[in-house]
Asks: 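Submitted below is the structure of interest, expressed as structure tokens.
Below, chains carry the letters A, B, ... as their sequence lines are ordered, and counting in each starts from 1. Given the structure is predicted, the values throughout are model-derived calculations rather than measurements.
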Amino acid sequence: MSGMDLSVKIGKLELPYPTLMASGCYGSGEEFEAFADLSKIGAVVLKSVTREPRLGNPMPRLVPTPAGLLNAIGLQNPGIDWYLEHEVAKFAQRPCAVIGSVAAFSVDDYAYVTQRLAARDEIAAIELNISCPNVGSEGETFACDPALTGKVVRAVRAVTGKTLIVKLSPNVTDIAAIAAEAESAGADALAVINTLRGMSIDVHAWKPRLGNLTGGLSGPAIRPVAVLAVYEAARAVSIPIVGQGGIETASDALEFFLAGASAIAIGTANFTDPRIPEKIVNELGAYLEARGLRSLRDIVGKANVGFGTPFQYEGDVG
Amino acid sequence: MSGMDLSVKIGKLELPYPTLMASGCYGSGEEFEAFADLSKIGAVVLKSVTREPRLGNPMPRLVPTPAGLLNAIGLQNPGIDWYLEHEVAKFAQRPCAVIGSVAAFSVDDYAYVTQRLAARDEIAAIELNISCPNVGSEGETFACDPALTGKVVRAVRAVTGKTLIVKLSPNVTDIAAIAAEAESAGADALAVINTLRGMSIDVHAWKPRLGNLTGGLSGPAIRPVAVLAVYEAARAVSIPIVGQGGIETASDALEFFLAGASAIAIGTANFTDPRIPEKIVNELGAYLEARGLRSLRDIVGKANVGFGTPFQYEGDVG
Amino acid sequence: MLPRPSVSDVVVLDRTELARGVILLGFHAPELVDVTRPGQFVMAIPPGGERAATALAIYEAQGERASLLFFVCGARTRELAELRPGDKLSLTGPLGNGFDLGAAANVAVVAGGVGIASVLLPAQQLTQRGSRVRLFYGARNVEFLVDRDRFANAGCELCCATDDGTLGHHGFITELLAQAEDKPDLILACGPSPMLRATAFVAAELGVRAQLALEETFACGVGGCWGCVVPLDRKSSQAPKFPKSAGDFVNARVCKEGPVFWAHELRW
Amino acid sequence: MLPRPSVSDVVVLDRTELARGVILLGFHAPELVDVTRPGQFVMAIPPGGERAATALAIYEAQGERASLLFFVCGARTRELAELRPGDKLSLTGPLGNGFDLGAAANVAVVAGGVGIASVLLPAQQLTQRGSRVRLFYGARNVEFLVDRDRFANAGCELCCATDDGTLGHHGFITELLAQAEDKPDLILACGPSPMLRATAFVAAELGVRAQLALEETFACGVGGCWGCVVPLDRKSSQAPKFPKSAGDFVNARVCKEGPVFWAHELRW
Ligand SMILES: Cc1cc2nc3c(=O)[nH]c(=O)nc-3n(C[C@H](O)[C@H](O)[C@H](O)COP(=O)(O)OP(=O)(O)OC[C@H]3O[C@@H](n4cnc5c(N)ncnc54)[C@H](O)[C@@H]3O)c2cc1C
Ligand SMILES: Cc1cc2nc3c(=O)[nH]c(=O)nc-3n(C[C@H](O)[C@H](O)[C@H](O)COP(=O)(O)OP(=O)(O)OC[C@H]3O[C@@H](n4cnc5c(N)ncnc54)[C@H](O)[C@@H]3O)c2cc1C
Ligand SMILES: Cc1cc2nc3c(=O)[nH]c(=O)nc-3n(C[C@H](O)[C@H](O)[C@H](O)COP(=O)(O)O)c2cc1C
Ligand SMILES: Cc1cc2nc3c(=O)[nH]c(=O)nc-3n(C[C@H](O)[C@H](O)[C@H](O)COP(=O)(O)O)c2cc1C
Ligand code: FES
Ligand code: FES
């Protein structure tokens, strides 16, 4: 595997590995250091932080579903003041890049939190979580409307020169339109996808299983939806995409690269087995080597090879 | 279980059981008669029929995914002329109601096919498939736009007095808006949901696994998404909803009833075990009996009992 | 008219790992044995739910015992491989049309890998009625040429090939078939698609009719979903009546109209 | 400072079904045994992937063997129940803080159902150092009062209760606890929430401090996702430093700050 180039460039950010740990699924990295070699991952995306501290949603916050997980954490976080004062300095100790994640309920707050967080050296880049389905309808509004997406991305772009990754929601009719709007508003990259909105009901107690009623579905169950979202977003933009949604193996990751992702994020799979990120990196290297390829860039977006005309029958298109 | 009332009324249609066999998943019922007692199901929804015959999509058409199934059949069907001449008469032999499913690519064709199909006595009701994700972007356009949904439903309503069930797509930003539009345009009921759009890529061959590139995701994987879609649609309309998406057990079915469905449809689970529909009906009866309830109607939409204010903390809403 | 299939609850009697990842699972299923014809298959209902059933050929069917022979290659076969004697399993079947053995007296049976699972029953039936049966059996290496003795004991002559030369011909099994003396009057084949295509080619060259047991990803397995089609000559007696065709071909369901088709009636 | 946890690959040594659906799984895990403290748990990595890991208490830990005791109640425990001797399993742990046994000389251990899995290690440690240990053990019926001998052999006095009266007190185990003579100086408890709440109530009435091992649905199990919180007195030594609180309480993670908490510091 010597000489295998797994590095990626996301905006100004250069990472030795294409594997990000998805926001909200890996704490600040510290929680996993006993089980995983953080020097073998691309970056940790931190849990989203808001302007004010938030206690988060009532319990229960987690429901296992077939091949998936419903969560409604509700952005429990200490708020940006406390975060800057007590948490951020520790991130310098991580042997990998640390990407901040910003959530908010207004354009002003997105810009305010981003500006303060991005000013810190410990933060290598900013991911804009405009697609959290677990904080009432407001949380996701931004990623569900091309105009609002453009507005918030423009406001945030104005306050930082650091790499800006905009995280999109799959709960929309046309993700390509929103991806295009985010790009033209100044995003350096897109994270595709956040969780699918879902619900589970306790049929004994006659009430929703999550304290928040609804939640976000992640894990292998959503992988086909995520692969298609990446495929469609990639055809709409020319900035890099961080593919995510149900990645558990190198083979899953390759589906995202072939669909058009330049990097991937691993979320729920860390709850299955914390050794998965390192395993994926090793197997990606072996995959490239076995095919005589030198870089992951050689396969990004190549799912269409040989597919000029997908239909074999006459007259049936449409 | 004597005296348990599992009957439902969907528009003018009265069914002894609340269990429909989902369109495209149960042939015309005949294929399953050796394994399942069709007199113990509510109705079979036929494979969608179009104006012209269609060979369907190139193979492969099926890809198993984690707790799910991706399909892209592409509406293979003999077209309405052949259908009326050679197929429909046989449906009279089924010991259960038979619901026709109509697909098309224009408002005129929806009305044309519906008018001819609904004229036949063997057809108890019409389901309008405006949400097929497997026939190019046109197929789903109708269910992805409230105005188009209204237009096609109004046109079809004008040509038949039979019960009209409109089948909605989950691949939209706001299913409640589309549900409301379908109701006000004259739908007697809604079928919620059709499949989620998805894709799977063969990482050895570097091409999508489905001949059609993209497909529709069904099965337990999508259940949380379907339950929420039913919950949201049910709050937007007062017509009955046929809930579907990953139902495998009576407990799954009850989630849909509690979310607001009056009836349910079983699709992919028939591929797991053809005895599932009868098992579900038996267990639903036992569930009602154990709780001293007399009718499923007593539980429809009751998932909210006790949930006036879902948040336990002050100041965290939104 | 084929016998009516049903869902049977069966109990696992025995489990053998014939080679790495190749499992032979025997179970008590007298009703299934009674009605099974060579070349038919079952849909094995997943013990834990949440997945589609798995299409598997009926390997053995004798007395009160039937068996399945399968390769662990994904989530569903992995789950079936967990079954142990005493465990319960439900099977839908027998399904599909099976082989048409006609009056053939000199039959070449071609099997590749786990394709072997579809051809024991026709081979046994043929040798029992006195036909000559040569089994052309190919696999990656000798380890995966499983259960050869059972075919020898049933009176088959064995011709083997391996990709690595660890047993028999070093190369493809269809190369042996092409060189065979005493031309067969019927060829039956089951295995991976490239092998079946090669078999169809060799059969055409030899001027011998061949029946191929196809494998496709199934969902329903009973003809209800149209997920498993193959283009079939519309004049075939197996062709579904369907007004739309691509030229002379029509989409037939592998699970319902097949899984066994005449090679010369397929377009692929 | 707790010993550093890790991911261990272990091999299953033994598997016993103690009652219908109650599985005892022993495995070879010398490193895990070395560092485990009473009340800690592991995350069992699902052998087939596709699911979250399962939080399970470490039941036994002696020599080179540790064990898990669990109830089959869903997809994940069903999969773990399929494991047989010789199979491999990976465990992340030991995790969580464990019980604080202090200098207690007369301890009441309260267990409901599979809650028994969390209390063998503290009971053994207490009797070994000479403390009196009474096990108050409740379950649905006598069948589910599993593995009582092991506690008796460890020197515990047993007081049992069943919902149906098939053994011991006919009713709740906390009723026996409330009536116990020779007031304990510490209560340890693990079981379903209603039982833990009742235990907290009885402990408060008796004026005895109680430690409760809570169970919640976990995702990560290591403090990384904030999915498993419980409101904890912000003045508790276990309380996470967090600026937002609901009055005097703050959300603590059951997996990280717990799973063992002092009853009087919880709000529930
Ligand atoms: C009529 C009929 C009879 C059959 N008889 C037999 C028989 O007797 N014995 C037998 O062993 N099989 C038989 N098969 C095949 C058998 O049905 C399939 O092997 C089985 O369905 C596999 O199911 P699975 O879930 O274990 O694997 P799947 O998950 O369905 O995988 C099947 C194949 O796809 C590949 N695959 C899966 N996921 C990926 C991925 N992410 N990336 C790349 N490749 C992937 C696997 O490597 C494997 O080769 C038969 C099929 C038919 C139609
Ligand atoms: C620190 C800790 C230690 C633990 N130690 C042990 C231990 O030692 N032994 C032990 O047995 N358990 C223990 N548990 C509990 C154990 O983790 C859970 O029982 C386990 O996660 C269940 O996983 P599952 O996938 O099998 O079931 P799940 O699918 O997660 O189901 C769990 C519960 O939900 C219910 N449920 C699931 N699906 C439905 C549905 N559709 N409708 C209604 N109800 C449903 C089930 O009936 C069951 O009661 C512990 C938990 C924690 C947090
Ligand atoms: C428990 C949990 C918490 C999450 N919290 C956040 C969050 O705070 N911000 C965010 O942008 N995404 C959050 N996500 C979404 C993930 O970052 C990721 O995009 C999604 O889960 C899909 O990937 P996966 O299937 O690999 O988990 C969360 C997901 C989970 C499961
Ligand atoms: C193989 C297959 C074919 C389908 N064909 C149709 C169809 O022709 N018309 C239609 O309205 N829905 C069709 N559907 C969607 C189902 O009717 C159903 O709405 C969906 O699969 C969700 O339910 P399930 O998870 O129980 O399968 C099809 C689904 C599958 C899996
Ligand atoms: S698998 Fe459904 S028609 Fe063949
Ligand atoms: S389960 Fe993730 S923080 Fe406890």
Asks: Against chain C, work out which of B:Pro220, B:Gly68, B:Ala221, B:Ala34 has the most heavy-atom pairs shorter than 4.5 Å and name it.
Replies: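 Looking at each option in turn, the highest pair count goes to B:Ala34.
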Asks: So, the side chain of C:Arg234 versus the backbone of C:Leu232: is there a donor-acceptor pair under 3.5 Å, distance only?
Replies: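 No.
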Asks: Let me know if B:Leu62 has heavy atoms under 4.5 Å from chain C in its side chain, its backbone, both or neither.
Replies: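 Contact with chain C is through both the backbone and side chain of B:Leu62.
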Asks: Can you say whether B:Pro78 sits under 4.5 Å from chain C via the side chain, the backbone, both, or neither, judging by heavy atoms?
Replies: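 Contact with chain C: backbone and side chain both.
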Asks: Taking the six-membered ring of C:Phe144 (Phe, Tyr or Trp), confirm whether the NZ or CZ of C:Arg140 is under 6.0 Å from its centre and within 45° of its axis.
Replies: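 Pair C:Arg140/C:Phe144 counts as cation-pi.
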Asks: For B:Asn77, is it the side chain, the backbone, both, or neither that has a heavy atom closer than 4.5 Å to a heavy atom of chain C?
Replies: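 Only the backbone of B:Asn77 comes within 4.5 Å of chain C.
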Asks: Is the B:Tyr287 to B:Phe257 ring centre distance short of 6.0 Å?
Replies: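 That pair fails the under 6.0 Å test.
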Asks: What distance separates C:Glu64 CD from C:His28 NE2, expressed to the nearest 0.5 Å?
Replies: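 Atom-to-atom, C:Glu64:CD and C:His28:NE2 are 4.0 Å apart.
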Asks: Is it the side chain or the backbone of C:Leu95 that comes within 4.5 Å of chain B heavy atoms, both, or neither?
Replies: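 Only the side chain of C:Leu95 comes within 4.5 Å of chain B.
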Asks: Looking at every heavy atom in both C:Arg84 and C:Val12, which two are closest together, and how far apart are they?
Replies: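 Looking at all heavy atoms of both residues, the shortest contact is O-CB, 3.6 Å.
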Asks: Would you mind checking which part of B:Glu248 comes under 4.5 Å of any heavy atom in chain C, side chain (CB onward), backbone (N, CA, C, O), both or neither?
Replies: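 Contact with chain C is through the side chain of B:Glu248 alone.
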Asks: B:Asn270 versus chain C, heavy atoms under 4.5 Å apart: side chain, backbone, both or neither?
Replies: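 Neither part, no heavy atoms under 4.5 Å.
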Asks: Between B:Glu122 and B:Arg94, is there a side-chain heavy-atom distance shorter than 4.5 Å?
Replies: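 No, every pair of side-chain atoms sits at 4.5 Å or beyond.
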